[in-house]
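In what follows, a single structure is set out as structure tokens and then discussed.
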Amino acid sequence: MVKGVSRRVIVIKSPDRHLFEEAIFIVKEEALRGGGVTGDEIIKQAQEVADNYVRYHIKKRRLPRLPAPAFAAFGAAATALAWVLALYVL
């Protein structure tokens, strides 16, 4: 059902569609009514938000992408080492 509410949105298309197609920003009505904000300022802030989002999510991944068998082998080796240390050293 559609209500009688309209919103102002900014749709930014990606130049490289490999990563994402578009970003959608919903602009606050207060910013447009009495804020004295220009269209260029709104687009600049939308670009900054998108840049910060990408930077945060790229930094978030700390471990390299390894296949599942490699992680399983690493976990098995760590478990074996812990057992050896627990049984023979302590």
Side-chain angles (χ1 to χ4, degrees):
M1 179 193 314
V2 178
K3 290 188 176 184
V5 178
S6 65
R7 301 247 179 180
R8 303 264 178 140
V9 297
I10 297 174
V11 179
I12 299 176
K13 303 280 185 182
S14 174
D16 181 14
R17 303 250 175 175
H18 177 69
L19 299 175
F20 63 92
E21 291 184 29
E22 60 189 17
I24 300 172
F25 294 91
I26 301 173
V27 181
K28 289 185 175 184
E29 289 295 324
E30 298 88 30
L32 297 174
R33 260 189 259 139
V37 180
T38 65
D40 290 337
E41 291 172 338
I42 292 173
I43 291 175
K44 182 180 176 185
Q45 185 173 5
Q47 288 173 338
E48 288 176 5
V49 168
D51 288 343
N52 290 337
Y53 180 84
V54 170
R55 281 191 201 112
Y56 171 76
H57 287 286
I58 287 175
K59 286 182 180 178
K60 191 175 174 182
R61 186 186 309 155
R62 297 175 192 262
L63 295 175
R65 288 189 172 227
L66 294 176
F71 277 113
F74 177 74
T79 304
L81 180 64
W83 274 101
V84 166
L85 290 175
L87 293 176
Y88 296 111
V89 174
L90 300 176

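Computation of the quantities below employed the complete heavy-atom set of this structure, encompassing side-chain atoms and omitting hydrogens, waters and symmetry-equivalent molecules. Model, not experiment: these values are computed from the prediction.
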Taking it one step at a time, do Ile43 and Gln47 satisfy side-chain contact (heavy atoms from CB on, under 4.5 Å)?
-> CA-CA 6 Å; Ile43 291 175; Gln47 288 173 338; 4.1 Å; yes
Closest heavy-atom pair and its distance - Ile24, Glu22 |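 Between these two residues, the closest heavy atoms are CD1-OE2, 4.0 Å.
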Given the rule that I, L, V, M, F, W and Y join up when any side-chain heavy atoms are under 4.5 Å apart, are Val84 and Leu87 in one cluster?
->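 In one cluster: yes.
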